[in-house]
Amino acid sequence: QVQLAESGGGLVQAGGSLRLSCAASGRTFTTNTMAWFRQAPGQERDFVAAFGLSGGATNYANSVEGRFTISRDNAKNTVYLQMNSLKPEDTAVYYCAASTSRLFYSARKSHRQYDYWGQGTQVTVSS
């Protein structure tokens, strides 16, 4: 099993920045793809960004490309999501996810491909 714990959410004004963290523990050596998703009230869980642990390749949703950056710290078993130029439409609960599979770019965008999830952290962007 792999446990994921997000932190770093909060309330920020439009144009501001936040950095989310996802600390992984347990059988982390079984994971191959890490990702962030988000879910706004009444909406489906949407893909935000993903990171392939073997090659380091990243991909992003069009809505966050150029504003958000996914990265990792191997020593800390932690994945980050740096969010800049935040907009009110970025308001959502953000979830960290891990897959034991090496997912191709298109597959990374489906929440069904992930085996483990964190509890989520709320991000609220005021206008």
Side-chain angles (χ1 to χ4, degrees):
Q1 294 290 321
V2 175
Q3 294 78 42
L4 303 174
E6 304 98 333
S7 61
L11 173 64
V12 64
Q13 288 189 333
S17 298
L18 281 175
R19 189 178 78 159
L20 306 183
S21 300
C22 173
S25 60
R27 296 171 61 87
T28 58
F29 59 87
T30 64
T31 59
N32 284 287
T33 306
M34 299 293 295
W36 288 95
F37 285 75
R38 65 186 182 186
Q39 190 167 19
Q43 304 293 320
E44 293 189 352
R45 191 165 296 190
D46 292 331
F47 171 78
V48 176
F51 189 106
L53 297 181
S54 58
T58 59
N59 57 314
Y60 298 90
N62 290 338
S63 58
V64 306
E65 183 87 50
R67 299 188 297 123
F68 291 11
T69 303
I70 187 171
S71 63
R72 65 171 172 164
D73 184 328
N74 287 338
K76 296 181 179 180
N77 274 333
T78 299
V79 175
Y80 301 100
L81 185 68
Q82 178 66 44
M83 306 186 295
N84 299 328
S85 302
L86 283 162
K87 304 175 182 180
E89 50 263 44
D90 294 319
T91 295
V93 176
Y94 283 70
Y95 296 92
C96 178
S99 173
T100 56
S101 301
R102 293 185 180 183
L103 302 175
F104 290 108
Y105 277 20
S106 58
R108 291 178 180 183
K109 298 180 180 181
S110 171
H111 63 87
R112 296 177 179 83
Q113 298 290 341
Y114 293 84
D115 305 292
Y116 303 103
W117 293 87
Q119 81 287 352
T121 185
Q122 176 71 46
V123 172
T124 302
V125 184
S126 62
S127 57

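Everything numeric in this text was worked out from a predicted model, so none of it was measured.
In this structure, Tyr114 and Arg108 have side chains that are in contact, with non-hydrogen atoms separated by less than 4.5 Å. Side-chain contact check for Asn59 versus Phe47: some heavy-atom pair is nearer than 4.5 Å. Counting heavy atoms from C-beta outward, Leu81 and Arg38 have side chains that stay 4.5 Å or more apart. Between Asp115 and Val2 there is no side-chain heavy-atom pair separated by less than 4.5 Å. Side-chain atoms of Val79 and Ile70, non-hydrogen and from C-beta on, do get closer than 4.5 Å to each other. The shortest distance between side-chain heavy atoms of Tyr80 and Cys22 does not fall below 4.5 Å. Between Gln13 and Leu86 the shortest side-chain heavy-atom distance does not fall below 4.5 Å.
Judged by distance alone, with hydrogens and angles left aside, the side-chain atoms of Glu6 form a donor-acceptor pair with the main-chain N or O of Gly120 at under 3.5 Å. At least one donor-acceptor pair closer than 3.5 Å links the side chain of Thr91 to the backbone N or O of Val125.
Residues Asp73 and Ala75 come closest through the heavy atom pair OD1-N, 3.0 Å. Smallest separation of non-hydrogen atoms from Ser17 and Ser85: OG-N, 4.3 Å. The two residues Ala98 and Thr31 have their closest heavy-atom pair at CB-CG2, 3.8 Å.
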Check: Going through the distances and angles, do Asp90 and Val123 end up as a side chain to side chain contact (heavy atoms under 4.5 Å, CB included)?
Finding: CA-CA 8 Å; Asp90 294 319; Val123 172; 5.5 Å; no
Check: When you look at Val64 and Met83, which way does the side chain to side chain contact (heavy atoms under 4.5 Å, CB included) test go after all the steps?
Finding: CA-CA 9 Å; Val64 306; Met83 306 186 295; over 6 Å; no
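Note that CG of Leu20 and OG1 of Thr78 are 12.5 Å apart. Values are rounded to the nearest 0.5 Å. Atoms CD and CG, from Gln39 and Asp46 in turn, are 8.0 Å apart once rounded to the nearest 0.5 Å. To the nearest 0.5 angstrom, Ser99 atom OG is 13.5 Å from His111 atom NE2.
In this structure, Arg45 is not positioned above the aromatic face of Phe37 in the sense of NZ or CZ being under 6.0 Å from the six-membered ring centre and within 45° of the axis.
For Ser101 and Asn32, the side-chain atoms include no donor-acceptor pair closer than 3.5 Å.
Surrounding OH of Tyr105 are more than 12 heavy atoms belonging to other residues, nucleotides or ligands, all under 6.0 Å away.
Checking each of Arg27, Gln1, Gln3, Met34 against Tyr116 for a side chain to side chain contact (heavy atoms under 4.5 Å, CB included) leaves exactly one that passes, namely Gln1.
Between Tyr95 and Trp117, the ring planes lie perpendicular to each other; the angle is over 60°, past the 30° to 60° tilted range.
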